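The basis for the numbers below is simple: all heavy atoms, side chains too, and nothing from hydrogens, waters or symmetry mates. Model, not experiment: these values are computed from the prediction. Every chain is numbered from 1 and lettered A, B, ... according to where its sequence line falls, protein lines coming before strand lines.
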Amino acid sequence: MSTSILSVKDLSVGFHTYRGDIKAVRGVTFGVDEGEIVGIVGESGCGKSVTAHAVMGLLPKENSFISGGSISFMNNDITTLSEEAMENIRGSAISMIFQDPMTSLNPVLTIGQQMTEGVKGLTGQEAYEKAVALLERVGIANPKERMKDYPHQFSGGMRQRVMIAMALMGNPRLLFADEPTTALDVTIQAQILALLNELRHDMKMSIVLVSHDLGVIARICDRVNVMYAGRIVEQGTVAEIFHNPQHPYTKGLLNSLPRMDMSLDEELPVIDGQPPDLLYDITGCSFVSRCGCAMRVCTDTKPVEQSVSDSHKAECWLLAKNRSKEAV
Amino acid sequence: MDKEMQPLLSVRNLAKRFAVKKDFWGRAKEYNYALNGVSFDIFPGETLGLVGESGCGKTTAGRTIMGLYRPTAGQVFLHGKELDVANGPDKRIQMIFQDPYACLNPRMTVGEIIAEPMEINGVYKEAGAKKQRVYDLLDMVGLSKEQANRFPHEFSGGQRQRIGIARALAVNPDVIICDEPISALDVSIQAQVVNLMSRLQKELGLTYLFIAHDLAMVKYISHRVAVMYKGSIMELAKAEDLYNNPMHPYTKTLLAAIPVPDPDVRADIALIKGEVSQNVGTGCPFAGRCPSASDRCWAEKPKTKVINGHIIACHLYV
C-alpha cells in the first residue's frame, strides 16, 4: 500500500475568461498510493473536476493554463509532457470514466468498435477477446452479442459498466472516476460502487473518486480530500474525516445532511452564504465569510496546514490555536 | 395526521400512458404506462414525499396532477371536488421545478417572473398592490426587493430556486408540487432551501407533494412517504415507519442502497440485481428484481392493502 502512484504538488490551474483569469485550482497537494481509493469531495465549482482533468492532461488548450506545481505519476514528472507523450500514458496507464455515460460514448460506433479503438500493442483479435472478457468482468451479459450493439441499446447503468470496461482496456494503474454515479439511480449506484471496489482489488489499480456526494465517498474511499474554493482544506483517512472532522467547512458539510433520526421540528444546520468568486485573490481563508468561528487572523492571513495526525491535516487557524495552547 | 381530517388532494387510479411507437398514420401502436393506477391522499398542511428511481413515473404523477398532462384514466380531487382536466392547470396547484436554470425565463426580470402567475390568473389587478406582493414574496423567500429588477443569470442556483418558490407562492396555492426542487443544488445550499420550504410550510400552512430521489432528504421533509416503482405505488406510510420498518421488498432494497455518510456502515450492503425493465406484464412490476418473488408475483398484480398503517402492494403480506 505504500508505493506512490500519483503525487500532485501545489498544483494551480487557471482559465482565461472575458472577465479575467479565474484561478480555479489554487495550490492543491495530494497523493495516491498503490491500490487505494482516494476521494475528492467538494461542491460544484470547487475545482475537483479541474484537478482531475489537469492530471489527465485533458484541460482545454485554448483557455486554460497550469500556473504552477507539479504532477508526478509513478515518479515521473508529467506536468510538462508533450501531447504525444501524454497520449501514451492516457488511456493506458491512467484512465478516466466520466459522469455522464449517455454522452461520453460515441452514438454511431458499436461498443466493440469503441472498446478496441484506442488499444495499443494488441492485434485486432486479441483486442476483441480482451474487450469481451472485460465486458463480462464488469457484469454485462452476453458480451459477444453486446459488442455489436450501439450505446442507445444500453441502459444508463450498463453504459457506465461499458465505460469502466473501456477504461480498463489499457490495464491502468490509476483510474480517475469523475462523478461516476451521479447520473444513476441509487440501486444502480450501489452496484457500480461495488464493482469499482472489486476491480481495484482484482486489477491492483488505484482509483481517484471525484464526487459531491459524501455518502458515496464514505462507502468506498480509503482517504478523502475535501476541496473548497480551489484548495484542499482538509485531508485524512475516511474515518478521520467522517468521525473527527476538523475544518469548519467539513463539519458544516456533514451537518447539513439530514440524518435518519432527525425530525422536521429540528432545523437543518446550514452553511450560510455562497463560495467566493474565484476570479479574485483571496487574502485570508477562503471560507472566512461563511465560517461560524472566523477570527481576525482568518481574514488577514492564509491558514497554514495543521496536522491533526500523521494522515489527517486541515488548513484552519483554529487548530493552530489549540496546538499552541497545548505547547504552553 | 388526523384520521377524521378531509384530504386536501385525492388522487384516484390515475393512469397516464405515452405512445412509444406509432404507425404510418401517427396512431399509437405501443404504449408505455408511466402511471399505472396511482391512488393517494394528501392532507392539509402535510408533506407527502414521492420517491423512486428515474423512470418510475414520479414526475409524470406530479405533472398529471398539476394538469400539464391529460390523464389516460383516473381522477384528481381537490377539496373533495373533481378537477376538470380539460380546463388545464388549476391555480390552486402550483409547481416548483427541478432545474433552477431552465425554469426561469432569462429575458424577464425576477419581478416580472414572480408577477406573471398573478397576471395570468387575474389577481392583484392594481399595479401598486401587485408590486407590493412581489416585494413581500421576495422577502418571504429571503431575497431583497432591490433584486426584483435583476435578471435570473445574476443569481446562484440556490437563489434561483428561491425565486421559483416565490413564483409558486404568488397566487396563494393550496398545494405545491415540488418536482425534485433540490437535486440540482449543492449540499450546503440544499439545506438552506429545505429549511426555507419547511419554514414557509409552518408559516403559511402549505401542503407539499415532494418528489425526489434523495431518500434521506425526503425522510427529513416529509410526514408520509410513497415509494413508486414502474408507475405503481409499492408502499406508502408515515416517514418514520417507512424508514424504520420498511415492509415492501423494493423499499427495503432502496433503503439499503442509500449511501450513508458514515464509513462504518459499509458492510453487508445487500445489492439489488438487475435494472428497471420496460415490459409491464400482468404480475407485480417488481417481480423481476425481487429476491422473494414467487409464481404468484409473476402472474397477478398485487392489490393494495393496509397493514400496520402501511399501504402496501405486495403478495408477501396477507
Review point. Which atoms of A/Q274 come close to chain B, meaning under 4.5 Å heavy atom to heavy atom: side chain ones, backbone ones, both, or neither?
Key: side chain

Point to revise | Which portion of A/N255 sits near chain B, non-hydrogen atoms under 4.5 angstrom | key: neither

Check your understanding: With no hydrogens and no angle check, is any side-chain donor or acceptor of A/D185 less than 3.5 Å from a backbone partner on B/S54?
Key -> yes

Review point. Taking all atoms of both residues into account, what is the closest heavy-atom pair of A/T187 and B/R289, and its distance?
Key: OG1-NH2, 3.3 Å

Check your understanding: Is the CG atom of A/D202 crowded by more than 12 outside heavy atoms at less than 6.0 Å?
Key -> yes

Exercise for review: Return the minimal non-hydrogen interatomic distance between B/A191 and A/P269, and the atom names on each side.
Suggested key: CB-O, 4.0 Å

Check your understanding: More than 12 non-hydrogen atoms from neighbouring residues, nucleotides or ligands closer than 6.0 Å to NZ on B/K22, yes or no?
Key -> no

Study note, to complete from the structure: The reported gap from CZ in A/R219 to CG in B/D262 (rounded to nearest 0.5 angstrom) is 11.5 Å

**Study point:** Nearest atoms (heavy-atom pairs only) where A/Q189 meets B/P259
**Key:** NE2-CG, 3.0 Å

Review point. Of the backbone (N, CA, C, O) and the side chain (C-beta and beyond), which part of B/V260 lies under 4.5 Å from a heavy atom of chain A, both, or neither?
Key: backbone

Practice item. Begin from the C-alpha positions of B/H213 and A/V186 and carry the test side-chain contact (heavy atoms from CB on, under 4.5 Å) through to its verdict. Key: CA-CA 8 Å; B/H213 63 260; A/V186 277; 5.8 Å; no

Practice item. Check A/E43 against B/V187 and note the closest heavy-atom contact, atom names and distance. Key: OE2-N, 3.9 Å

Review point. Side chains of A/V270 and B/Q190: closer than 4.5 Å at any heavy-atom pair?
Key: no

Exercise for review: Please examine the side chains of B/P263 and A/H243, heavy atoms only from C-beta on, and report whether any two atoms are closer than 4.5 Å.
Suggested key: yes

Check your understanding: Does CD belonging to B/Q201 count more than 12 external heavy atoms closer than 6.0 Å?
Key -> yes

Check your understanding: Is there a donor-acceptor pair closer than 3.5 Å between any side-chain N or O of B/R199 and the backbone N or O of A/E267?
Key -> no

Practice item. Taking the side chain as every heavy atom from C-beta outward, state whether A/R290 and B/S188 have any atom pair closer than 4.5 Å. Key: yes

Review point. Is A/L268 close to B/M217 at the side-chain level, that is, under 4.5 Å between some pair of heavy atoms?
Key: yes

**Study point:** From B/Y220 atom OH to A/L257 atom CG, the distance as rounded to the nearest 0.5 Å
**Key:** 12.5 Å

